[in-house]
Structures are given as C-alpha cells and as structure tokens.
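First up is the structure itself, then whatever we jot down about it.
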Amino acid sequence: MFPLLGVTFVTPVRLPEETVLDADRTLREMSSVRRGLGILGGTFDPPHIGHIAAAKAVFDALLLERVFLMVANEPWQKVGHRPLSAPEDRLAMTKAAVVGIEGLETSDLEIRRGGPTYTIDSLEELRLSNPATDLFLILGADAAAGLDSWHRSIELPTLATLVIVERDGETRAEAPPEWSIRRVTMPRVDISSTQLRSFAARGTTLSPFVPESVIAEIESRGLYGLGGS
Ligand code: ATP
Ligand code: MG
C-alpha cells in the first residue's frame, strides 16, 4: 500500500498460478453436490461403449451420485424373439464393463427378483429402499419412443424423472406428457448389441466397441461362439 495525497493504492497480490488453479478446482468441487440415482436398464447382451458413454454422460451432466446399469432378467420385449445369454453372464459382462469408471455401477436387482422384468417393479423397489433419493430413469431416444407400451406405463412418472439421452444428430424423441423430462446429449456411438453379436458370428473382433475386460469375460464364458472351453 502507498499512501499518496490521502489516496491509498493497493498493489494487487499475485498468487502463484498453481494456487489459483487449486482454489478454482476446490470451488468447482464444492458446488458439485451429487444427488440422485440414475438407472440405465438394458439387456447388455453384450454391454458396449454406447451404454457406458450414455451412463457416463448422464452421471456428469446431472451430477448424480451414481448410475446403475441394471441388467434385465427376462426383457419382455426380447424374450421369444431371439436367444438371450443367461442373466448371470450378462451381469458378469456388465460388471467388467464398469470397472474403474467413476460413478457407474451394476445392479442385479432384476435378476434377484427373477421372472419377466418390468421397470415399474424395479422403480418401486428402489423407491422403498431409497426413500430420500430422486430416481432418474435413463433411456436412449429409441427406447423413449416406445415408453407408452411399457407395463403400467402410466405409473412410471410418479416414481422417476425421465432422462432422454440424445445422440448428436438424432431426431428429438418425445415422451408422454406426464413425464418430468431432462435431456442429455452425448456424442453419437453408432453401435448396438445386435450388431456386435453378428460381428462375433462372422468372426469380426468386438474391439474397440466392447472394452477388453468384457471381451475377456466373453471368451472365458464362451459366449457368442468366442473362446470358451
Ligand atoms: P439390442 O441390439 O440387443 O437391442 P442395444 O445395444 O440396443 O441392444 P439395449 O439393452 O437394447 O442395448 O439398450 C439399453 C439402453 O441403452 C437403452 O435405453 C438404449 O436406448 C441405450 N443404448 C443402446 N445402444 C446405445 C448407444 N449406441 N448409444 C447410446 N445409448 C444406447
Ligand atoms: Mg436395443
């Protein structure tokens, strides 16, 4: 400070660059209080980077506490249309897919419940076991378009907020008006489990669409005609 003609000049204190960056980071972390549980349901036959990128995009954008990749026991839309891998195999692959990814976990709730899988039952169970936690049902735009046909679909919006994951360039998916909706955009990852099963059937590698940890699980379990004993 330099007193001069009754005026006080304050010389700005220059903090080392690192100190400024640390303070900035701490502020950002303090403001990101994570709340809410995301649920990305799927068959995961096999899980792929599209699933992981969608779950991670929602975890980051909505600052959720965690996102469950919830493995369906008997997905009613798929049963009878094609052979499905066993739930335990799909769960093991999905566990391998999320290893080391912050915020992502698997849930075997639907497998433990057994029988045909209806999302309404899962949301009701989660609501009972987590009464103070907001639930976020995550769907890709393709899945959101068919919501009306789901079992007890009218009751779903009373239990969760709908999160529609839109892939860059995709047509905007509409949902029934009862829903409270959040939209999250993610980079387009144009791959599906169906494509990956046909890759495996013609001997094309699943890499890089399926993480190496999942490929190892597939081979050790002899799924999709790969590896196996
Ligand atoms: P299948 O080909 O057997 O239908 P899938 O790859 O479409 O498998 P699902 O189990 O049907 O996977 O999808 C689970 C959820 O993941 C759905 O909400 C779906 O919209 C979303 N999803 C699937 N593929 C992608 C992708 N490539 N990018 C973002 N989300 C995806
Ligand atoms: Mg699908």
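Note that ligands are numbered from 1 as they come in the structure, with each ligand's atoms numbered from 1 the same way.
- Partner of I181 under the side chain to side chain contact (heavy atoms under 4.5 Å, CB included) criterion, out of T161, I164, V163: I164 alone.
- Of the candidates T194, I164, V189, V189 brings a heavy atom nearest to atom 27 (N) of ligand 1.
- Shown here for R197 and P46, the closest heavy-atom pair between the two residues is CG-CD, 4.1 Å.
- Among protein heavy atoms, the minimum distance from atom 7 (O) of ligand 1 is reached at S192 CB, 4.3 Å.
- Proximity of a side-chain donor or acceptor of D134 to a complementary backbone N or O of G36 within less than 3.5 Å is not detected.
- The closest approach between K78 and ligand 1 falls below 4.0 Å for a heavy atom of the residue.
- For atom 5 (P) of ligand 1, the candidate residues are G42, S193, P187; the nearest heavy-atom contact is made by S193.
- No donor-acceptor pair closer than 3.5 Å links the side chain of R90 to the backbone N or O of D45.
- Set against the non-hydrogen atoms of H48, the atoms of ligand 1 under 4.0 Å away are 6 (O), 24 (N), 25 (C), 27 (N).
- Ranking the protein heavy atoms by distance from atom 13 (O) of ligand 1 puts H51 NE2, 3.7 Å first.
- Among all protein heavy atoms, the one lying closest to atom 20 (O) of ligand 1 is D142 OD1, 2.6 Å.
- The protein heavy-atom contact nearest to atom 26 (C) of ligand 1 is R167 NH1, 3.4 Å.
- For the atom pair L137 CG and L37 CG, the distance stands at 10.5 Å (nearest 0.5 Å).
- A salt bridge links R183 to E174: one of the charged nitrogens lies within less than 4.0 Å of a carboxylate oxygen.
- Within the 4.0 Å heavy-atom shell around ligand 1 one finds R82.
- Every atom of ligand 1 is numbered from 1 in the order shown, and the set under 4.0 Å from a heavy atom of F44 is 10 (O).
- One finds no salt bridge joining E125 and R112 here, because no Lys/Arg side-chain nitrogen approaches an Asp/Glu carboxylate oxygen to under 4.0 Å.
- Annotation: atom 18 (O) of ligand 1 to nearest protein heavy atom, G140 N, 3.0 Å.
- In the hydrophobic cluster analysis, where Ile, Leu, Val, Met, Phe, Trp and Tyr join through side-chain heavy atoms closer than 4.5 angstrom, I191 is grouped together with L206.
- For R167 and D142, the salt-bridge test passes: some basic side-chain N is under 4.0 Å from an acidic carboxylate O.
- Looking only at protein heavy atoms, the nearest one to atom 10 (O) of ligand 1 is T43 N, 2.9 Å.
- In this structure, H51 and F44 have perpendicular ring planes: the angle between them is above 60°, well past the 30° mark.
- Using a 4.0 Å cut-off between heavy atoms, E166 makes no contact with ligand 1 at all.
- Here the shortest heavy-atom distance to atom 14 (C) of ligand 1, taken over P47, A144, G41, A53, belongs to G41.
- Using a 4.0 Å cut-off between heavy atoms, Q195 makes no contact with ligand 1 at all.
- Of all atoms in ligand 1, listed by their number and element, those nearer than 4.0 Å to a heavy atom of R197 are 3 (O).
- Taking only nitrogen or oxygen atoms, main chain and side chain alike, L139 does not reach within less than 3.5 Å of ligand 1.
- Side-chain contact between V71 and T117 is absent, with no heavy-atom pair separated by less than 4.5 Å.
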